[in-house]
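Remarks on the structure that follows.
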Amino acid sequence: MLSRFMSGSIRNLEREYSCTVRLLDDTEYTCTIQRDAKGQYLFDLICHHLNLLEKDYFGIRYVDPDKQRHWLEFTKSIAKQMKSQPPFTMCLRVKFYPPDPASLKEEITRYLVFLQIKRDLYHGRLLCKTSDAAMLAAYILQAEIGDYDPGKHPEGYSSKFQFFPKHSEKLERRIADIHKTELIGQTPETSERNFLQKAQMLETYGVDPHPCKDVSGNPAFLAFTPFGFVVLQGNKRVHFLQWNEVTKLKFEGKTFHIYANQKEDKKIILTYFAPTPEACKHLWKCGVENQAFYKLEKSSQVRTVSSSNLFFKGSRFRYSGRVAKEVMEQSAKIKREPPEIHRAGLVPSRSCPSITHGPRLSSVPRTRRRAVHISIMEGLESLRDSAHSTPVRSVSHGESFIPRSRSQATDASEGMAVISDEAYSPSDSVLPTPVAEHSMELAVSRQINGAPCSIEEEKESEAGTPSHGEGGDFGADGRSAQEGAGGDSALSEVEQVNKFVLSVLRLLLVTIGLLFVLLLLLIILTESDLDIAFLSDIRQTPEFEQFHYEYFCPLRRWFACKLRWVGGLLINK
């Protein structure tokens, strides 16, 4: 009896697994889920835990053992989607940024979106001028510590807060001035709402950048925003397509295509190359979901899309969920007492340490700066914790992380956000956000297809991904990029040859298929006794009778003779 009970308990344990989801405030929600549970079940558990009703803007993100990010599909089994062994670790993130976040119905939803955008600001995805950066940081300060109090906030108190990867003394003073004079009396809710209103006006609001290369091999970032498809390259936004202009998204291997119709029936096709086929498929699925969410009027209009061409099946995917218009209509119907919000306050945040005390990083050399940041901020798990996507670096032209004087660092910290001309360095995450306004003319004067921009890949701490080469300097990164340039061009040539061979094979297969169909039609015409009007008319034409008696009948006798000869050889053996 006891053995039967124990065996039954073991079987039950085998059908369950532990799952941990890191929330936007860096707290963790752990639960036990049945092995056949679908993603929707886990998502509903988290939303119930947060008392969140406007949940369609959020999603659960995870990273597989190959370090490829994925959004958890709610209609599929969790265990079948995860390629790793349990226990599973994932994170809750904003998947679809609200077009107007300040107008969200409930304060709890605005607070969660506020946490996400604050995270974007710290990790360098939300780029802005210094004036905007100071105002955003002041709103964060007001929301988290309240009104300025001389007894609690001594001179230079703003330097103990890290809102951006890098900032200067001048910016810190400006943040403190705004906090002291302009935001007095604002409640956390008001400050967060003002923060959202300011952030949504920025060009990179809602950008979740995917690193790619264009047809010339230059690095680029592709992103899907509430307003359309964006390509960031060189120092500026080189393409912006509204969702109603995008007609089709397609991928094939590592190649991603965007089809669009612009003004005056101008059709364009943009082509980019992802690092891996898995990254390209993830990019495609993100694009399909964003287009369906923001473009369609009703979820009933959602259709299954395919990456295939005419003769090969390819991948098929269907967005499951409500679209933006339906979500807003549903939100307007919410009638309940506002849920209580437990704000993070002064609790240290590992992945977005804007409220973590630590020294200013603006004049510390790069390698030493990382060491100081790690020692002060308990390992700086933040740089491997965003689980959102690749942060976009923002520095002025000609600026690198080579140690310079304090005055140079201060000058470089004022101004317009751009994409830097640096090499891809997955381990480098300490990035500046605001940069010099006097660099605007230089940025505008650059060509659209400027020097390669950098792409910074945040590590997923919930996936246990280690960070490699954190002490490497910019010079080494640049040299490795130059050494790899020849290899990239060689790979692109090989890919072009492979594509040509593949296209020739497809043409050959199509030709053979057409010939086979014609042969079947010919046999039906000559050998069958089908009494069909159009077949009878064809048989009675002089041309067909001549072909039948002069060519087809001798060819048939020749084949029959050869078949009898082969059959005789086989029988004799």
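On a predicted model such as this, the values are computed, not experimentally measured, just so you know.
- His257 and Thr271 make their closest contact through ND1-OG1, 3.0 Å (heavy atoms, listed as atom of the first residue, atom of the second, distance).
- Shown here are the ring pair (Phe, Tyr, Trp, His ring centres under 6.0 Å) partners of Phe317, two or more places apart in sequence or in another chain: there are none.
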*With side-chain hydrogen bond (donor to acceptor under 3.5 Å, both in side chains) as the test, would you mind laying out the steps for Gln233 and Asn218 before giving the verdict?*
CA-CA 8 Å; Gln233 192 174 42; Asn218 297 320; 5.8 Å; no

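- Ion pairing between Lys38 and Glu73 fails under the 4.0 Å rule for side-chain N and carboxylate O.
- Arg93 and Asp208 are not joined by a salt bridge, as no carboxylate oxygen comes within less than 4.0 angstrom of a charged side-chain nitrogen.
- Under the 4.5 Å side-chain criterion, counting only non-hydrogen atoms from C-beta, Arg22 is not in contact with Leu92.
- Taking Tyr57 as the reference, nothing meets the ring pair (Phe, Tyr, Trp, His ring centres under 6.0 Å) condition, with sequence neighbours excluded.
- Aromatic ring centres of Phe88 and Tyr62 lie farther apart than the 6.0 Å criterion allows.
- Val215 is listed as a side-chain neighbour of Phe273, based on a closest heavy-atom distance under 4.5 Å.
- For Phe43 against Phe58, the heavy-atom pair with the smallest separation is CZ-O, 3.7 Å.
- For Glu297, the salt bridge (charged side-chain N to carboxylate O under 4.0 Å, His left out) criterion is met by Lys325, not counting sequence neighbours.
- Using a 4.5 Å cut-off on side-chain heavy atoms (C-beta onward), Leu126 and Val207 make no contact.
- Nearest heavy-atom pair, Val113 versus Leu104, reported as atom, atom and distance to 0.1 Å: CG2-CD1, 3.9 Å.
- Closest of all the heavy-atom pairs between Phe251 and Ser315 is CZ-OG, 3.6 Å.
- Side-chain contact, Thr32 with Glu16: no donor N or O sits under 3.5 Å from an acceptor N or O.
- Of the residues Phe224, Trp243, Tyr97, Phe96, the one that meets the ring pair (Phe, Tyr, Trp, His ring centres under 6.0 Å) test with Phe293 is Phe96.
- Annotation: salt bridge (charged side-chain N to carboxylate O under 4.0 Å, His left out) contacts of Glu203 (sequence neighbours excluded): Arg237.
- Closest non-hydrogen pair, Leu72 versus Met90, comes out as CD2-SD, 4.1 Å.
- By the 4.5 Å heavy-atom criterion applied to side chains, Leu222 and Val230 are not counted as neighbours.
- Residue pairs meeting the side-chain hydrogen bond (donor to acceptor under 3.5 Å, both in side chains) criterion with at least one member in residues 552-561, sequence neighbours excluded: Glu527-Arg556.
- For Ser299, the side chain to side chain donor-acceptor pair (under 3.5 Å) criterion is met by Glu326, not counting sequence neighbours.
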